[in-house]
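Because the structure is predicted, anything quoted here is derived from the model rather than measured. Quick note: numbers below take in every heavy atom, side chains included, and nothing from hydrogens, waters or symmetry partners. Below, chains carry the letters A, B, ... as their sequence lines are ordered, and counting in each starts from 1.
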2 protein chains.
Amino acid sequence: MNRAGNPTISDVAARAGVSVPTVSRVLTGAARVSPAKRELVEAAIADLGYRPSAAARALVSRKPQTIAIIAGNTSRYGYAETIRGIEIAARAEGYTVMITVVESADEDEVDRAIAATLTQPLAGVAVLKFDPPGVAALAKIPPHLPVVALSGVRDPATPQAVLDEAAAADELTRHLLDLGHTTVHHVRVPPSRKVDGRTTGWRRALRRAGAPVPAAVDATWDPRSGVAIGRALAADPAVTAVFCGNDEIAMGVMRGITEAGLRIPDDVSVAGFDDNPLAELWSPPLTTVEQDFAGLGGRGFQLLLNAVDGTDDRRYSSERPRLVLRASTAAPKPRA
Amino acid sequence: MNRAGNPTISDVAARAGVSVPTVSRVLTGAARVSPAKRELVEAAIADLGYRPSAAARALVSRKPQTIAIIAGNTSRYGYAETIRGIEIAARAEGYTVMITVVESADEDEVDRAIAATLTQPLAGVAVLKFDPPGVAALAKIPPHLPVVALSGVRDPATPQAVLDEAAAADELTRHLLDLGHTTVHHVRVPPSRKVDGRTTGWRRALRRAGAPVPAAVDATWDPRSGVAIGRALAADPAVTAVFCGNDEIAMGVMRGITEAGLRIPDDVSVAGFDDNPLAELWSPPLTTVEQDFAGLGGRGFQLLLNAVDGTDDRRYSSERPRLVLRASTAAPKPRA
DNA sequence: TTGAAAGCGCTAACAG
DNA sequence: CTGTTAGCGCTTTCAA
């Protein structure tokens with residue numbers, strides 16, 4: 001019994017009448033143990049309700065079974081789903097997950113978060129490179145620690161799992177152009193850097209089509225920030241199609257446009273990104289891009305595992321999100 | 001240097017020309033150290049980029065700085081916000097947070113999750129008692145470990161932070177009744193138990209008003225499950241007001257009602273619960289109950305801290321959610 | 001104020 | 001197959 005009242009491995013050994021290492025052997029399966037002793041040990045473990053101490057194990061074996069996720073946020077849709085995907089994959093492999101939130105890219109804040117995290121015995125770290133705090137945190141991870149970046153700008157220096165947002169944004173923009181819109185306006189969510197896949201793909205599609213490239217409008221993460229933007233967009237007769245950086249913002253923008261007296265999609269087409277569960281229930285149902293965030297998390301974890309045990313050396317995983325056409329986009333009609 | 005290439009406390013000691021315990025003393029502040037040596041040690045720590053190992057610390061000191069959150073889900077709105085609230089409060093107190101997901105109340109799954117969690121050196125555990133997996137997990141936490149339940153049925157055996165959902169549901173139902181509705185129908189989200197605050201408050205208000213109590217309809221967590229329910233409700237002329245267990249379901253129900261050709265709130269009033277960020281952007285903006293989930297998480301962490309260090313013995317914290325009246329509810333009008 | 005010694009709970013050699 | 005011996009990185013006695 002230790003100070004917290006938990007049985008220890010030596011309690012088990014004593015009860016089973018074997019040595020401590022023998023107990024360890026049945027626990028880890030590191031060596032063969034005779035069936036007789038194994039049974040004794042298992043019985044003792046069950047009787048005592050013994051649980052091995054991860055701290056002691058990590059200390060001596062250097063094979064920690066914990067990974068840390070560093071994220072700028074834990075509750076927004078894409079973040080939460082990605083974290084869920086990592087957690088599920090990690091759990092399936094017997095890993096425990098620890099979460100550290102870094103709310104700003106402020107150096108002190110990042111340092112503090114990293115320090116708190118690295119204090120733990122970690123098999124590796126997954127960083128959500130969705131935003132500036134994520135980018136800043138990734139830069140501070142010590143080189144010897146296995147790491148994977150989820151999303152973000154391509155960087156060969158680090159294993160990375162991404163969703164090919166640029167390709168999807170390109171496809172969505174092209175779709176709008178094909179519908180007959182002269183150009184497509186764009187409302188951005190706070191980008192992780194100067195470059196942002198959604199914006200890049202949008203611009204690329206416009207350029208390729210020879211369409212004018214309007215200035216992108218910046219929204220915040222708060223869906224309400226889209227309302228004022230929607231109103232302003234509605235006031236400009238040149239605006240017939242709007243591509244928003246995520247579904248929440250799109251919903252805000254739609255509300256602003258509607259409040260201004262225009263109809264969607266008759267007067268203005270609006271598309272989002274992410275395929276939030278509420279997107280298909282919106283009125284009108286929102287055209288968007290389905291992003292498999294949970295899958296992103298799962299692929300990221302696999303890459304991290306590769307980096308940890310080195311069996312597989314794949315370091316990059318990209319998946320193309322899927323366009324979901326719904327009723328919020330249509331061919332332009334001359335405004336009444 | 002240990003095997004992972006990290007400097008250890010003895011590297012620091014060697015570099016500073018002092019003993020290991022002296023380094024430990026400046027680290028923990030457990031005893032006075034002469035300014036001269038302290039400076040030497042601090043310089044060595046900085047030079048080496050030394051970070052104490054939480055595993056070793058936890059092993060010897062039995063004062064772990066990690067708490068575990070056990071949750072049935074990490075990405076749904078209320079869950080994610082609550083987790084965020086706990087994380088923020090914990091971080092402010094120097095605690096690291098670990099997350100374990102228990103997806104079903106299945107005994108094996110719960111046991112496995114608990115076992116994986118308890119293996120870590122933990123100061124305490126916060127359980128989201130939002131659903132059956134949460135309830136099942138709570139029952140399995142060993143008695144010596146400090147624990148707090150977030151939400152759920154009142155249980156004096158465990159420190160608990162709640163949102164008084166019954167009071168809020170009662171208030172909302174009464175509001176609908178006061179508007180002139182003969183009764184209020186109710187669509188439930190999967191309850192954590194037979195009793196569920198939202199349903200209880202709804203029923204209480206109806207009974208007190210002498211209004212008929214219709215059978216509650218069960219939805220799943222998927223907002224789409226609300227659509228079919230909405231259609232069915234629309235087919236019943238007796239339905240003029242619907243109170244839904246959460247906003248997502250309410251959005252699905254509204255869509256079903258609209259698809260059936262009825263208008264909201266003219267033909268049917270619909271109210272939700274939670275005040276999802278999208279609720280106010282919905283058409284029409286959704287009447288709901290604002291739940292401060294992040295605050296719930298924060299209060300829960302405080303209670304856990306009380307249980308851990310025993311300075312304060314408060315074990316219960318309840319807060320009354322706030323009614324938010326918007327355009328989805330109105331006085332009943334005879335259907336055309 | 002400081003160092004030497006002991007030991008947290010466990011796994012990794014190493015004999016036997 | 002199994003026990004003995006070390007020792008992980010740290011804090012906690014205990015003397016000095």
Side-chain angles (χ1 to χ4, degrees), chain A residues 1-42 44-45 48-66 118-123 144, chain B residues 1-42 44-45 48-66 115 118-123:
Chain A
M1 286 292 177
N2 64 17
R3 290 161 271 188
N6 290 322
T8 71
I9 195 170
S10 72
D11 296 324
V12 175
R15 173 133 194 171
V18 302
S19 71
V20 165
T22 295
V23 176
S24 174
R25 283 171 195 124
V26 348
L27 251 26
T28 61
R32 334 178 61 78
V33 174
S34 69
K37 303 223 165 192
R38 167 179 300 276
E39 229 164 83
L40 249 30
V41 169
E42 279 166 352
I45 288 175
L48 263 25
Y50 166 75
R51 298 178 212 282
S53 148
R57 275 192 165 166
L59 189 58
V60 58
S61 81
R62 286 277 131 198
K63 272 177 233 122
Q65 292 289 306
T66 301
L118 295 191
T119 243
Q120 307 292 136
L122 255 26
H144 66 268
Chain B
M1 285 293 179
N2 65 16
R3 290 161 272 187
N6 290 321
T8 70
I9 195 171
S10 72
D11 297 324
V12 174
R15 173 134 190 168
V18 301
S19 71
V20 165
T22 296
V23 177
S24 175
R25 283 170 195 126
V26 350
L27 251 24
T28 60
R32 335 177 60 80
V33 173
S34 69
K37 302 221 166 192
R38 166 181 300 276
E39 228 164 82
L40 248 32
V41 169
E42 278 165 352
I45 288 175
L48 262 26
Y50 167 76
R51 297 179 214 282
S53 148
R57 274 193 166 166
L59 190 57
V60 57
S61 81
R62 287 276 130 195
K63 270 177 234 120
Q65 292 289 304
T66 300
L118 295 191
T119 244
Q120 306 292 137
L122 256 25

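Note: R57(B) CZ to T119(A) OG1 = 6.5 Å, rounded to the nearest 0.5 Å. The distance from atom CD of E42(A) to atom CD1 of I45(A), rounded to the nearest 0.5 Å, is 6.5 Å.
Atom CG of L59(B) and atom P of dT11(C) are 12 Å apart (whole Å). Atom CZ of R38(A) is separated from atom C1' of dT2(D) by 13 Å (rounded to the nearest Å). Atom CG in L40(B) sits roughly 10 Å away from atom P in dT2(C) (whole-Å rounding). Atom C1' of nucleotide dC10(C) and atom CD of Q120(B) are separated by 14 Å, given to the nearest angstrom. Rounded to a whole Å, the CG atom of L48(B) is 14 Å from the C1' atom of dG9(D). Rounded to whole Å, the distance from CZ on R51(B) to C1' on dC10(D) is 17 Å.
In the region residues 22-37 of chain B, proximity to DNA chain C at under 4.0 angstrom, judged on heavy atoms, holds for T22(B), R25(B), R32(B), V33(B), S34(B), K37(B).
Residue K63(A) places at least one side-chain N or O closer than 4.0 Å to OP1 or OP2 of dA12(C). Considering only side-chain N and O atoms, S53(B) lies nowhere under 4.0 angstrom from the phosphate OP1 or OP2 of dG9(D).
Considering only side-chain atoms of R57(B), the nucleotide from dC10(C), dC10(D), dG3(C) that sits closest is dC10(D). Picking from dT11(C), dG3(D), dG7(C) the nucleotide with the shortest atom distance to the side chain of V60(B) gives dG7(C).
Residues that satisfy the salt bridge (charged side-chain N to carboxylate O under 4.0 Å, His left out) test with R15(B), not counting sequence neighbours, are D47(B). Applying the salt bridge (charged side-chain N to carboxylate O under 4.0 Å, His left out) rule to R25(A) yields no partners; only residues at least two apart in sequence or on another chain are considered.
Formation of a donor-acceptor pair under 3.5 Å by the T66(B) side chain with backbone atoms of L122(B) is not found in this model.
The closest side-chain heavy-atom distance from V41(A) to V18(A) is below 4.5 Å.
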